[in-house]
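Keep in mind the model is a prediction, meaning the values are calculated, not measured. All values below were derived from every heavy atom in this structure, side-chain atoms included, with hydrogens, water molecules and symmetry-related copies excluded.
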Amino acid sequence: MQTPTHTPVLDLAAELRLPTNALDYTILAIYFVVVLGIGFAARRSVKTSLDFFLSGRSLPAWITGLAFISANLAATEILGMAANSAQYGAYTVHWYWIGAIPAMVFLGLVMMPFYYGSKVRSVPEMLLLRFDKWAHLLSSALFAFAAILIAGVNLYALAIVVEALLGWPQWVAIVVAGAFVLGYITLGGLSSAIYNEVLQFFVILAALIPLVVLGLKKVGGWGGLTDKLTATHGENFTTAWGGTGIGSDNPLGANWLTIVLGLGFVLSFGYWTTNFAEVQRALSAKNLSAAQRTPLIAAYPKIFIVFLVMIPGLTAAALIPGFGTPDSGYQYNDAIPYLMEQLLPNGVLGIAVTGLLAAFMAGMAANVSSFNTVFTNDIWARYVVRGRDDAYYVRFGRLITVIGVAASVGTAFLASSFSNIMSYLQTLFSFFNVPMFVVFIVGMFWKRASAKSGFWGLLAGTVAAMVNYFWIYKQGIVDIPSDQGANFVSAIVGFVAGAVVMVAVSLFTAPKPAAELQGLVYGTRSPGMQEPPAAGDDAWYRRPALLGWGAIVLAAACYIPFSF
């Protein structure tokens with residue numbers, strides 16, 4: 001089992017301090033002013049709980065599509081995937097081309113008609129309709145808990161990076177970022193979060209592109225980069241599939257079967273199709289066509305963003321011998337900060353720091369906004385305080401946002417034991433998203449799945465994934481070479497356990513009446529799934545099927561230069 005290295009935070013701060021000046025801080029201040037301005041502007045549109053939690057289902061597809069990808073492109077994604085690349089090499093492309101695009105297309109073409117057509121306000125609410133209140137309550141509690149943990153990862157990563165780069169104490173970085181996220185979400189609800197995510201998408205690109213260009217120039221272009229890495233890490237380090245035969249050794253510690261099944265199917269579909277922090281953006285779209293196109297529009301930038309996060313990680317590994325090991329003085333998570341410190345001039349440095357902060361805030365805001373929706377609508381309004389007027393739930397939504405941000409501060413340091421924060425996130429996804437996905441997929445495609453099977457399948461999948469990770473892997477019962485490999489196996493174990501238990505419980509309990517399954521099982525339709533297309537929706541770029549298959553073909557083509 002490979003144990004991640006960990007470098008003390010104080011040492012990290014001394015090594016990576018940025019030479020920032022007044023210009024860099026001016027750029028940062030302008031960004032924060034704009035962020036709060038968007039919050040105040042969005043506040044005027046919040047009149048009902050639907051406005052606060054789902055933007056009144058009124059946003060165009062291009063807005064929700066960019067927000068969808070921005071919510072995913074958090075700093076944990078940027079730092080984590082750069083860390084992945086420094087540690088595992090070009091295998092990082094799998095998280096995008098097989099570990100994201102097919103699932104995003106499946107969400108848009110297959111699942112969004114069920115989500116949007118049923119008019120649910122959250123992903124757990126779908127389980128209430130398809131199964132029963134116990135499956136709904138368990139999924140709501142698990143999602144709320146996971147959302148706070150993931151928001152905490154963003155805050156922890158922000159504190160470490162800002163302390164290292166700017167010299168701010170960790171608590172200052174946490175309080176500043178948390179306060180601004182809290183401010184614009186409580187003011188304008190989901191609309192404020194989404195419009196800020198669109199802004200943050202472009203700020204993040206402006207931060208990463210100079211880093212990639214200057215990094216490649218530093219190592220002699222792509223050819224120079226691959227030559228250096230092949231010499232120091234072996235030829236498989238710069239390929240997608242090299243060394244992934246069953247029984248072969250490779251940096252990732254996984255074979256093609258666990259990559260395809262564990263990452264490409266179970267983890268990927270579990271995350272993209274049931275993670276409400278993403279699905280919420282699509283549910284805020286103005287009609288079904290726009291909701292379907294939301295993840296499909298997001299799929300196209302997702303295909304190419306891998307280069308913006310992978311190349312900095314590879315560059316850091318090429319420039320520093322043994323990068324990520326104790327002898328180098330750096331963690332894998334330090335790839336982006338190291339290149340910022342080495343390569344960027346003032347002004348561009350300010351944009352890069354702003355981009356990182358924007359990424360932290362986008363990821364945290366996505367999880368906090370989805371947390372307040374699930375906790376308010378699926379837990380508080382349904383099981384604790386029922387039947388109050390709409391204004392009460394808007395006020396409570398703002399209150400629980402404050403509590404959620406405070407709780408995420410408390411969970412921030414749970415991530416401190418992971419040198420590669422993407423490993424930590426993938427662990428959380430295998431625990432919480434994969435079991436929910438198996439419940440969805442069995443319930444959606446098998447009419448016989450009973451109401452009681454949802455709860456037991458979700459519970460069994462979650463427990464099985466945790467047992468595999470904490471006992472079988474961590475205790476060394478079965479030798480798995482890396483954390484990521486263990487996550488793939490945990491995902492497969494959780495999926496299989498959940499499916500088996502659902503089938504067993506369904507065979508001994510009564511199915512739901514067919515009349516209650518309309519619009520909830522594949523092959524049935526609800527009125528919301530039959531809405532006529534809006535005027536102009538026959539244009540090629542508004543056809544979900546064409547967009548979806550185009551994204552899959554493009555992602556598959558991207559594998560070609562990395563396969564030899």
Side-chain angles (χ1 to χ4, degrees), residues 54 57 59 61-73 77 95-127 129-130 139 143 194 197 263-303 305 366 370 373-374 429 432-445 491 495 519-522 526 528-529 542-555:
L54 285 179
R57 287 198 173 100
L59 300 180
W62 75 271
I63 290 286
T64 55
L66 289 180
F68 188 99
I69 193 62
S70 182
N72 172 253
L73 192 60
E77 169 91 359
W95 273 265
Y96 290 77
W97 301 336
I98 196 174
I101 303 305
M104 294 169 76
V105 172
F106 184 82
L107 171 63
L109 298 185
V110 178
M111 296 193 72
M112 280 316 303
F114 291 91
Y115 283 139
Y116 199 90
S118 61
K119 299 301 181 185
V120 295
R121 291 193 174 196
S122 70
V123 168
E125 192 175 351
M126 277 292 293
L127 296 187
L129 299 180
R130 175 60 183 89
S139 64
F143 176 81
I194 284 177
E197 285 159 3
L263 174 62
F265 177 60
V266 181
L267 270 174
S268 169
F269 279 69
Y271 174 81
W272 290 103
T273 64
T274 66
N275 183 19
F276 185 50
E278 302 291 340
V279 175
Q280 187 180 27
R281 275 74 195 144
L283 290 179
S284 67
K286 63 182 180 179
N287 56 37
L288 176 57
S289 174
Q292 285 191 276
R293 284 182 280 128
T294 293
L296 304 179
I297 290 171
Y300 286 87
K302 183 70 175 177
I303 292 172
I305 283 170
S370 58
T373 300
V374 168
F429 296 153
F432 300 113
N433 291 91
V434 169
M436 192 177 296
F437 170 64
V438 70
V439 172
F440 264 91
I441 209 71
V442 172
M444 180 178 291
F445 289 99
F495 184 90
L520 302 174
V521 177
Y522 197 77
S526 67
M529 296 167 66
R542 289 177 175 160
R543 297 177 186 172
L546 189 60
L547 286 174
W549 285 109
I552 288 179
V553 170
L554 185 57

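Between Ala491 and Val266, the shortest heavy-atom contact is O-CG1, 3.2 Å. Here the closest non-hydrogen pair linking Tyr116 and Ala285 is OH-O, 2.7 Å. For Val521 against Arg130, the heavy-atom pair with the smallest separation is CG2-NE, 3.7 Å. Pairing each heavy atom of Ile303 with each of Ala555, the nearest pair is CD1-N, 4.0 Å. Taking both residues in full, the closest heavy atoms of Ala71 and Glu278 are given as C-OE2, 3.7 Å, listed atom of the first, atom of the second, then distance. Annotation for Val105 and Ala551: closest pair CG2-CB, 4.3 Å, computed over non-hydrogen atoms.
The CG atom of Leu59 lies 10.5 Å from the CZ atom of Arg281; values are rounded to the nearest 0.5 Å. The distance from atom CE of Met104 to atom CD1 of Ile297, rounded to the nearest 0.5 Å, is 10.5 Å. Note that OG1 of Thr64 is 12.0 Å distant from CD of Gln280, once rounded to the nearest 0.5 Å. Considering CG of Leu547 and CD1 of Ile552, their distance stands at 11.5 Å, rounded to 0.5 Å. Distance check, rounded to the nearest 0.5 Å: CE of Met126 to CE of Met436 gives 12.0 Å. For the atom pair CG of Leu54 and OG1 of Thr373, the computed distance is 6.0 Å after rounding to the nearest 0.5 Å.
Ring geometry, Phe276 versus Phe143: the interplanar angle exceeds 60°, so the pair is classed perpendicular (tilted spans 30 to 60°). Note on ring orientation: taking the six-membered ring where Trp is involved, the planes of Phe437 and Phe265 are perpendicular (angle over 60°, cut-offs 30° and 60°).
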Review point. Under the ring pair (Phe, Tyr, Trp, His ring centres under 6.0 Å) criterion, do Phe429 and Trp272 qualify, and how do the steps go?
Key: CA-CA 10 Å; Phe429 296 153; Trp272 290 103; 9.2 Å; no
Review point. Would Val123 and Val374 count as a side chain to side chain contact (heavy atoms under 4.5 Å, CB included) if you check the C-alpha gap in whole Å, the side-chain angles of each, and the deciding distance to 0.1 Å?
Key: CA-CA 8 Å; Val123 168; Val374 168; over 6 Å; no
Review point. Is there a side chain to side chain contact (heavy atoms under 4.5 Å, CB included) between Ile441 and Thr273 once you walk through the steps?
Key: CA-CA 10 Å; Ile441 209 71; Thr273 64; over 6 Å; no
Point to revise | Verdict with supporting geometry, Val110 and Phe445, side chain to side chain contact (heavy atoms under 4.5 Å, CB included) | key: CA-CA 11 Å; Val110 178; Phe445 289 99; 4.2 Å; yes
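Put simply, the side chain of Asn72 reaches to within 4.5 Å of the side chain of Lys302, judged on heavy atoms. Considering only heavy atoms from C-beta on, Leu283 comes within 4.5 Å of Met112 through its side chain. Residues Leu107 and Phe269 fail the side-chain proximity criterion, which asks for heavy atoms closer than 4.5 Å.
Here the side chain of Ser118 pairs a donor or acceptor atom with the backbone of Tyr115 at under 3.5 angstrom. In terms of modelled atom types and a separation under 3.5 Å, the side chain of Ser70 and the main chain of Leu66 share no donor-acceptor contact.
Each of Lys286, Arg293, Gln292 was scored for a side chain to side chain donor-acceptor pair (under 3.5 Å) with Ser289, with one residue passing: Arg293.
For Tyr522, the OH atom sits in a loose shell: 12 or fewer heavy atoms of surrounding residues, nucleotides or ligands are nearer than 6.0 Å.
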